[in-house]
Structures are given as structure tokens and as C-alpha cells.
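In what follows, a single structure is set out as C-alpha cells and then discussed.
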Amino acid sequence: GQQVMQIPQYQHVQEGEDFTTYCNSSTTLSNIQWYKQRPGGHPVFLIQLVKSGEVKKQKRLTFQFGEAKKNSSLHITATQTTDVGTYFCAGKNTGGFKTIFGAGTRLFVKA
Amino acid sequence: DGGITQSPKYLFRKEGQNVTLSCEQNLNHDAMYWYRQDPGQGLRLIYYSQIVNDFQKGDIAEGYSVSREKKESFPLTVTSAQKNPTAFYLCASSNSPGQGVGLPQHFGDGTRLSIL
């Protein structure tokens with residue numbers, strides 16, 4: 001079945017350093033979504049990418065969808081303590097109904 | 001305000017007991033979902049429903065049951081057959097994804113279930 005792998009599982013950074021999490025699917029995706037879950041909270045939708053090679057930016061966050069629509073990345077420039085949390089990617093198969101979540105990358109930021 | 005309401009926030013289950021987690025949404029979404037999250041882990045799909053009176057098993061449906069009698073409501077019952085129910089349960093909803101591009105899911109605040 002479809003699998004969505006996400007790495008790394010954890011990342012510790014010093015405030016001001018950059019951070020990247022990667023997402024890889026075993027099958028071609030129709031779209032990729034990114035969510036952020038603060039400690040003790042629920043996942044909150046950040047963005048959705050649909051087109052091959054698409055790049056979107058939200059302030060210090062840059063999201064990328066691979067040309068083959070099988071991988072994606074989230075890059076945070078100059079991390080802040082407010083970036084702490086777990087970042088999940090979630091992908092949907094072309095022609096399928098279910099969205100499959102990756103295991104998430106937990107970001108720790110030291111001030 | 002539109003949103004998803006899950007209750008209770010905390011729930012304790014005794015051995016051999018069935019418990020029901022409530023999920024209500026006023027976003028007029030067709031699709032609703034139940035996920036289980038274990039500490040430090042990702043989201044695993046328990047059940048999902050694309051439309052009223054219809055639902056499908058997710059990846060870990062054993063020991064759980066659902067109903068979808070109303071568009072706004074998608075309650076989850078954790079049965080005594082679920083031997084390890086301690087987890088954080090999240091309900092979500094979205095417009096119907098159909099077979100095209102998936103649509104963003106909106107999550108409730110979750111229910112933390114523990115065994116007494």
C-alpha cells in the first residue's frame with residue numbers, strides 16, 4: 001500500500017539556524033499537504049502543493065513539491081522558538097480517496 | 001465560529017468497557033475522519049466517512065466502531081476488543097476529496113483516552 005516516509009524523526013537546532021524536513025512517497029501523489037502540531041495541540045493545516053515542481057513560500061517557510069510528485073520538503077530559514085512543534089506531511093494518491101500522513105518531524109529550538 | 005468540537009477532552013476507560021468519543025462539526029464538510037496518535041508518533045487513520053450513512057475502515061479499525069447518521073456528527077466507539085486504547089484521538093473533517101486533489105483537513109482539539 002501507499003507509504004509516506006518523513007525524515008528526520010527529530011531535529012534539534014539553535015535559534016537562528018535553518019531546518020529542513022523531507023517527505024517521500026512510494027507512489028505518485030496528486031497533492032501534498034503540510035501540517036504543524038504544537039506540543040499538546042492538534043495539527044493545523046499550513047499549505048497544499050499540487051503541481052509538479054511547485055514551490056510556495058510563507059514568510060520564513062519554503063515548501064517544495066518534487067518534479068515526479070513523489071517527494072516534498074519544508075525548509076524553515078532562521079528558526080525561532082515559536083517554530084517548535086511537529087511538522088507532518090500528508091499525501092493523497094492519484095485516483096485514491098485517503099490522505100496518508102507521514103510520521104512527522106519534531107523540531108526543538110534552543111534559545 | 002465554525003469548527004470541530006471533540007468531547008470529552010480527557011476520558012478514562014475501565015477494563016471491558018466500551019467508551020464513545022464525540023465529534024461534531026459545523027463546517028458543512030462532507031468528509032470526516034478519526035485518527036489515533038501515540039506519544040511521539042504520527043497519525044494513524046482509524047475510520048473515515050466521505051458522506052452521511054457511509055464509512056470505511058482505515059489502517060487500524062480493529063477494536064473501534066463508528067456511525068455517520070448526521071452530516072455534523074461522527075462518533076467513535078472504542079470497544080473492549082481494543083486492548084491498548086491509551087492514546088490521543090483526533091477527529092478531522094474536510095470537503096469531500098473525491099478522486100481528485102485532496103483537500104485540507106481541519107482538526108478538533110482531541111480526546112486523551114487512558115485505561116484505569
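So that the names make sense, note that chain A is the first sequence line, chain B the second, and so on, each numbered from 1.
- Proximity to chain B (any heavy atom under 4.5 Å) is shown, for A/Q6, by neither the backbone nor the side chain.
- Looking at A/K51, its side chain never comes within 3.5 Å of a backbone N or O of A/F65 through a donor-acceptor pair.
- For the atom pair OH (B/Y35) and CG (B/L76), the distance works out to 13.5 Å, reported to the nearest 0.5 Å.
- With a threshold of 4.5 angstrom between heavy atoms, B/L43 approaches chain A through its backbone and through its side chain.
- If you measure heavy-atom distances from B/Y48 to chain A, the contacts under 4.5 Å come from the side chain alone.
- Without hydrogens or angle criteria, B/D54 side chain to B/I51 main chain gives no donor-acceptor distance under 3.5 Å.
- With a 4.5 Å cut-off on non-hydrogen atoms, B/R44 does not touch chain A at all.
- Ionic pairing of B/K71 and B/D30 is present here: one or more N-O contacts between side-chain nitrogen and carboxylate oxygen are shorter than 4.0 angstrom.
- The backbone N or O of A/L46 lies less than 3.5 Å from a partner atom in the side chain of A/Q58, making a donor-acceptor pair.
- In terms of non-hydrogen atom pairs under 4.5 Å with chain A, the most contact-rich of B/Q105, B/Q41, B/R112 is B/Q105.
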